[in-house]
Amino acid sequence: MSVKQLDSLDKIVSLSKARGFIFQSSEIYGGLSAVYDYGPLGVELKRNIRDAWWKAMTQTHDNIVGVDAAIFMHPKVWEASGHVEGFNDPMIDDKQSKKRYRADMLIEQHIQKLRDKGKSDKADELQQKLDTTGTRKGLCEDLYDIIMEEEIKAPESGAFDWTEVRQFNLMFKTHYGATSKDDDDAIYLRPETAQGIFVNYKNVLDTARVQIPFGIAQVGKAFRNEVVARQFVFRMREFEQMEMQYFVQPGEDEKSYEEWLNTRLEWFKSLGIREENLRVAPHPDDKLAHYARAAADIQFNFPIGWQEVEGIHNRTDFDLSRHQEYSGKKMEYFDQKEQKRYIPYVVETSIGLDRCTLMALCDAYREEEVDGDSRTVLKLHPKLAPTKVGIFPLVKKPELKELAFKIEKNLKEDFTVLYDESGSIGKRYRRQDEAGTPFCITVDFDGLEDNTVTIRYRDDMEQERVSVDKLDTVIRNRMKSWKSE
RNA sequence: GCGGGCGUAGCUCAAUUGGUAGAGCGUCACCCUUCCAAGGUGAAUGUUGUCGGUUCGAGUCCGAUCGCCCGCUCCA
């Protein structure tokens with residue numbers, strides 16, 4: 001049997017639409033860029049992943065609790081977090097090479113060049129100008145003026161043919177209050193869920209009887225006005241994060257960071273993601289986010305290449321210190337054991353739920369040759385499968401239907417099930433293969449005599465004859481012992 | 001956002017120099033069918049992405065706009 005591997009996202013996009021996993025948002029109006037909706041199967045798959053994460057983080061750790069913070073937050077939160085500043089890149093395009101640069105970086109490079117040439121007076125003067133951008137006409141205009149005055153050329157093409165400097169604010173802004181019009185009432189849609197945890201850190205500490213080290217977990221939507229949002233649900237403007245912030249004593253952060261990196265990697269394997277498609281990629285120091293001391297990606301081998309699904313960050317005491325500074329509220333923790341007071345360090349695990357869903361689909365997708373026929377199958381971990389059990393009468397005869405209905409009624413208490421009597425039996429199996437349904441039960445005439453049915457397994461298409469009363473046990477055992485291949 | 005490519009039924013694609021929009025698959029209904037998609041009959045589905053222009057006549061030519069794909073940048 002030959003198995004074809006996935007070489008582009010197209011097949012996943014097609015399958016997602018055809019089977020009802022994922023649709024483009026507002027499709028009947030021509031679609032909305034980089035926004036997607038989950039259909040009947042997609043919502044189940046996504047929820048199963050979310051539930052697995054929540055269980056792994058909170059239920060199996062007695063020192064991790066959950067919160068569900070609002071998307072709207074006080075605007076000061078984003079000043080404190082550094083997003084107002086750091087998420088605000090002034091960009092300029094070289095019309096010749098079509099390359100885009102950060103305007104302030106261009107000027108800094110130019111200053112460095114001047115220094116290398118020994119023109120430090122000129123360099124200092126420029127640095128002074130760069131430091132005071134925004135005080136003359138405006139941030140973009142001031143940067144543009146410097147580039148024009150100094151005739152800074154594009155690094156790659158050597159051309160001096162720039163567009164204007166434009167600002168790419170990655171945060172969505174909206175107005176708070178029905179009558180508000182001006183920017184005084186501007187409020188942001190959160191660009192990450194983490195801040196909802198930090199601002200509730202004291203509340204949790206005061207109410208949940210937790211002691212350091214402890215964690216706070218949260219699942220929720222975040223919004224980023226990405227310059228380039230593409231590649232299906234991989235990079236969306238509205239997306240869902242599953243984040244956990246782990247608060248530790250300073251000095252314990254590096255050890256905790258290593259532990260969480262490992263714990264999180266194991267979680268992916270527990271979802272049945274094949275090990276060869278997973279890897280850890282540490283961030284080089286010069287590419288760290290403004291809040292991080294150390295960071296690593298857990299990457300998955302997507303058809304579009306190795307890409308980040310989860311980030312583990314050592315955020316130090318950056319966030320809590322900043323919130324202490326901006327809010328004027330003490331963020332210190334009094335450690336009874338150590339008899340000392342400190343602002344905890346934070347290790348963050350941050351995973352994209354939509355990316356994770358896409359990963360599950362990509363990892364599970366197979367096209368197999370079976371006796372000259374092709375079969376498309378999603379070999380999802382049974383616990384992630386949108387439908388667990390398909391139930392069919394072999395043919396549309398009343399006596400077979402009767403037993404099938406009875407089995408459906410019994411199993412639907414514990415599993416998501418689907419009854420189907422249309423088309424040939426083979427066709428019904430294949431339909432469920434595409435949906436990733438791991439088990440199909442078929443009621444035949446033999447079984448009416450001794451109260452047995454056949455159960456057919458998605459992965460190898462093997463069948464077993466099972467007593468009707470043992471069905472739930474068999475399914476449960478199979479789900480537990482399932483391994484990816 | 002900028003540059004390039006693309007846009008016809010749910011999907012894959014046809015449609016002669018500009019001259020009546022079609023097929024296969026899928027979906028649905030009925031029939032047939034005792035275990036791996038391709039048996040029979042029938043049905044639904046399109047302002048050819050959208051808007052405008054040229055023309056007697058536009059899926060086809062022109063313009064704008066929207067969306068998708070690839071690259072530049074950033075991240076979950």
Side-chain angles (χ1 to χ4, degrees), chain A residues 8-10 13-15 17-20 23-35 86-87 89 91-102 105 156 163-164 166-168 170 191-194 221-236 239-243 283 287 289 295 297-299 304 307-313 348-356 358-359 370-376 392-397 400 422-434 440 442-448 453-454 456 458 461-463 465:
Chain A
S8 89
L9 272 181
D10 294 353
V13 176
S14 302
L15 181 75
K17 188 177 181 191
R19 292 274 92 131
F23 307 117
Q24 190 176 18
S25 163
S26 317
E27 202 182 63
I28 60 168
Y29 289 102
L32 183 62
S33 172
V35 185
F87 254 43
D89 298 339
M91 308 295 284
I92 190 165
D93 292 353
D94 171 19
K95 290 183 195 165
Q96 303 270 309
S97 65
K98 310 295 179 200
K99 297 270 187 207
R100 166 166 299 161
Y101 302 93
R102 265 182 60 176
M105 302 292 275
E156 282 185 45
T163 62
E164 284 170 33
R166 280 163 308 184
Q167 224 165 353
F168 289 79
L170 299 188
E192 64 172 18
T193 55
K221 288 280 180 86
F223 305 83
R224 290 183 195 170
N225 230 334
E226 294 288 347
V227 179
V228 173
R230 235 172 245 166
Q231 272 146 348
F232 201 38
V233 296
F234 184 78
R235 189 177 280 103
M236 298 196 289
F239 61 104
E240 197 159 350
Q241 292 185 308
M242 304 192 290
E243 297 198 303
H283 287 199
K287 292 203 80 178
D297 296 341
I298 294 178
Q299 298 184 332
I304 50 174
Q307 299 283 349
E308 173 178 9
V309 178
E310 174 156 5
I312 317 294
H313 298 254
E348 167 187 87
T349 72
S350 175
I351 175 169
L353 176 51
D354 309 279
R355 285 185 180 185
C356 198
L358 182 62
M359 171 189 71
V370 183
D371 301 329
D373 267 345
S374 76
R375 167 172 101 121
T376 302
F392 319 135
L394 183 57
V395 291
K396 242 184 274 183
K397 288 281 193 283
L400 296 183
S422 87
S424 74
I425 190 70
K427 197 171 204 165
R428 282 176 271 166
Y429 285 147
R430 298 297 172 88
R431 264 203 284 259
Q432 292 310 308
D433 287 342
E434 282 196 3
C440 287
T442 299
V443 179
D444 60 16
F445 289 100
D446 295 347
L448 290 182
V453 290
T454 58
R456 178 260 196 190
R458 174 198 66 196
M461 298 184 287
E462 295 294 312
Q463 285 178 286
R465 186 159 281 278

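Order of the sequence lines fixes the chain letters, A, B, ..., with proteins taken first and strands second; residue numbering starts at 1 for each chain.
- To the nearest whole angstrom, the two P atoms, one in G57(B) and one in G52(B), are 15 Å apart.
- In this structure, E308(A) atom CD and C74(B) atom P are separated by 13 Å, rounded to whole Å.
- Side-chain atoms of K427(A) lie closest to A37(B) of the nucleotides C35(B), U34(B), A37(B).
- In this structure, CG of D444(A) is placed 12 Å from P of U34(B), rounded to the nearest angstrom.
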Exercise for review: Treat a base pair as Watson-Crick or G-U wobble with both distances under 3.5 Å, then lay out RNA chain B in dot-bracket form, 5' to 3', with | for cross-strand pairs.
Suggested key: (((((((..((((.....[..)))).(((((.......))))).....(((((..]....))))))))))))....
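- Taking 4.5 Å as the limit, some side-chain heavy atom of V395(A) sits within range of a side-chain heavy atom of F445(A).
- Each of C35(B), A37(B), C75(B) was ranked by its minimum atom distance to the side chain of T376(A); first place goes to A37(B).
- Taking the C1' atom of each, U20(B) and U48(B) are spaced 15 Å apart, rounded to whole Å.
- Atom P of C51(B) sits at a distance of 28 Å from the matching atom of C70(B), rounded to the whole Å.
- Residue whose closest nucleotide on RNA chain B sits further toward the 5' end, between R355(A) and V35(A): V35(A).
- Nearest to the side-chain atoms of Q463(A) among the listed nucleotides U34(B), A76(B), C36(B) stands C36(B).
- Under 4.0 angstrom from either OP1 or OP2 of C11(B) there lies at least one side-chain N or O belonging to K17(A).
- The phosphate of C68(B) has OP1 or OP2 within less than 4.0 Å of a side-chain N or O from Q24(A).
- The same atom, C1', is picked in G53(B) and in U60(B); the two are 15 Å apart, to the nearest Å.
- Residues satisfying the side-chain hydrogen bond (donor to acceptor under 3.5 Å, both in side chains) criterion with Q307(A), sequence neighbours excluded, are absent altogether.
- Separating the CZ atom of R430(A) from the C1' atom of U27(B) is a distance of 19 Å, rounded to the nearest angstrom.
- Considering only residues two or more places apart in sequence or on other chains, K427(A) meets the salt bridge (Lys or Arg N to Asp or Glu O under 4.0 Å) condition with none of them.
- Of all nucleotides listed (C35(B), A37(B), U33(B)), C35(B) comes nearest to the side chain of Y429(A).
- Among C35(B), A37(B), A76(B), the nucleotide with an atom closest to any side-chain atom of E434(A) is A37(B).
- At whole-Å resolution of the value, CG in L400(A) and C1' in U33(B) are 12 Å apart.
- Separating the CZ atom of F223(A) from the P atom of A76(B) is a distance of 16 Å, rounded to the nearest angstrom.
- Scanning atom types as modelled, one donor and one acceptor separated by under 3.5 angstrom connect the side chain of R235(A) and the base of C75(B).
- Remark: the separation of the C1' atoms in A14(B) and G71(B) is 32 Å, to the nearest Å.
- Atom name C1', nucleotides C61(B) and C68(B): the rounded distance is 24 Å, in whole Å.
- Side-chain proximity of V395(A) to U33(B), C35(B), A76(B): nearest is U33(B).
- Rounded to an integer number of Å, the gap from E243(A) CD to C75(B) C1' is 12 Å.
- A distance of about 16 Å separates the P atoms of G18(B) and C56(B), rounded to the whole Å.
- Protein atom CD of E310(A) is 9 Å distant from nucleotide atom C1' of A76(B), rounded to whole Å.
- Comparing G24(B) with G40(B), their P atoms sit 12 Å apart, to the nearest whole Å.
- An OP1 or OP2 oxygen of U27(B) is reached within less than 4.0 angstrom by a side-chain nitrogen or oxygen of R431(A).
- The distance between atom CD of E240(A) and atom C1' of A76(B), rounded to the nearest whole Å, is 12 Å.
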